[in-house]
Amino acid sequence: MDKREEHDKFELMGRALAARNHAYAPYSHYAVGAALLTAGGKIYEGCNIENASFGATNCAERTAFFKAVSQGEREFVAIAIAGGPEGEDPADYASPCGICRQVMHEFCGKDFRIFLVKNAGESKEFTLEEILPFAFSL
Ligand code: THU
């Protein structure tokens, strides 16, 4: 990873952790934040937004993607994700759900990077191909 990529990674990690503060999670009390980097260098944040009709809940990752796509973005480089019990720092890594992986597949190539964030200094990195092999396409 070169200096620029390293800088982007830490920026995304901090933004994902901060985005957790906007989570609307009155049912699960599990707060997730995501920060999505576009090819043009912009960052879109997202949080989970729950609903009394549970199936209407939107995950943090999809919130970030839908914000970005609705602003005209189509090319993405990386996403950072941080999640854990509301009001606490994450004690563990939160991994994207299957629906969010499929949304990533819709807009991203196999080398799209996913940073799972535990805190400002600890993360794990995967590619989209690693976490969604043999993905569905039309
Ligand atoms: N959640 C996310 O925001 N992202 C994921 O990838 C997994 C789950 C949210 C949805 C719900 O608000 C809470 O975490 C518990 O499932």
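Along the sequence shown, the residues carry numbers beginning at 1.
For Ala91, there are no side-chain contact (heavy atoms from CB on, under 4.5 Å) partners, not counting sequence neighbours. Evaluation of the side-chain contact (heavy atoms from CB on, under 4.5 Å) rule for Ala25 yields Ser28, Asn48, Glu50, Glu86 as partners, not counting sequence neighbours. Applying the side chain to side chain donor-acceptor pair (under 3.5 Å) rule to Glu125 yields the partners Arg113; only residues at least two apart in sequence or on another chain are considered. Considering only residues two or more places apart in sequence or on other chains, Cys47 meets the side-chain contact (heavy atoms from CB on, under 4.5 Å) condition with His22, Ala23, Ile49. Applying the side chain to side chain donor-acceptor pair (under 3.5 Å) rule to Thr57 yields no partners; only residues at least two apart in sequence or on another chain are considered. With sequence neighbours left out, the side chain to side chain donor-acceptor pair (under 3.5 Å) criterion links Asp89 to no other residue. Listed by chain and residue number, nothing satisfies the ring pair (Phe, Tyr, Trp, His ring centres under 6.0 Å) test with Tyr44 (two or more places apart in sequence, or in another chain). Taking the ring pair (Phe, Tyr, Trp, His ring centres under 6.0 Å) definition, one finds that Tyr27 meets it with Phe54, sequence neighbours left out. Partners of Glu122 under the side chain to side chain donor-acceptor pair (under 3.5 Å) rule, at least two apart in sequence or in another chain, are Asn119. By the side-chain contact (heavy atoms from CB on, under 4.5 Å) test, Ala18 pairs with no residue at all, sequence neighbours left out.
Proximity of Arg62 to Asn58: side-chain heavy atoms (C-beta onward) are separated by under 4.5 Å at one or more points. You'll find the side chain of His7 stays beyond 4.5 Å of the side chain of Lys3, heavy atoms only.
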field: Criterion side-chain contact (heavy atoms from CB on, under 4.5 Å) on Ile114 and Leu128, from CA distance to verdict
entry: CA-CA 7 Å; Ile114 295 121; Leu128 183 55; 4.2 Å; yes
message: Between Val69 and Arg74, is the side-chain contact (heavy atoms from CB on, under 4.5 Å) condition met? List the steps.
response: CA-CA 6 Å; Val69 171; Arg74 288 292 186 277; 3.3 Å; yes
message: Under the criterion side-chain contact (heavy atoms from CB on, under 4.5 Å), I'd like the reasoning laid out for Lys124 against Phe115: C-alpha separation, chi angles, the key distance, then a yes or no.
response: CA-CA 6 Å; Lys124 277 187 185 178; Phe115 302 114; over 6 Å; no
task: Give the intermediate values and the outcome of side-chain contact (heavy atoms from CB on, under 4.5 Å) for residues Leu36 and Phe76.
output: CA-CA 7 Å; Leu36 175 63; Phe76 303 100; 3.6 Å; yes
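When all heavy atoms of Gly83 and Arg20 are compared, the pair lying nearest together is CA-NE, 3.9 Å. Closest of all the heavy-atom pairs between Ala39 and Val77 is CA-CG2, 3.7 Å. Taking all atoms of both residues into account, the shortest heavy-atom contact from Ala16 to Ile81 is CB-N, 4.2 Å. Here the closest heavy-atom approach between residue Lys118 and residue Leu17 is recorded as O-CD2, 4.3 Å.
With a 4.5 Å cut-off between side-chain heavy atoms of Ile, Leu, Val, Met, Phe, Trp and Tyr, the cluster of Ile99 takes in none.
When atom types are taken as modelled, the side chain of Arg15 and the backbone of Glu45 share no donor-acceptor pair closer than 3.5 angstrom. Between the side chain of Ser53 and the backbone N or O of Ala56 there is no donor-acceptor pair closer than 3.5 Å. Without hydrogens or angle criteria, Glu5 side chain to Asp2 main chain gives a donor-acceptor distance under 3.5 Å.
Under a cut-off of 6.0 angstrom, the local environment of NZ in Lys42 is sparse, with at most 12 non-hydrogen atoms contributed by other residues, nucleotides or ligands.
Within the structure, ring pair (Phe, Tyr, Trp, His ring centres under 6.0 Å) pairs that include any residue of residues 116-138 do not occur (at least two apart or interchain).
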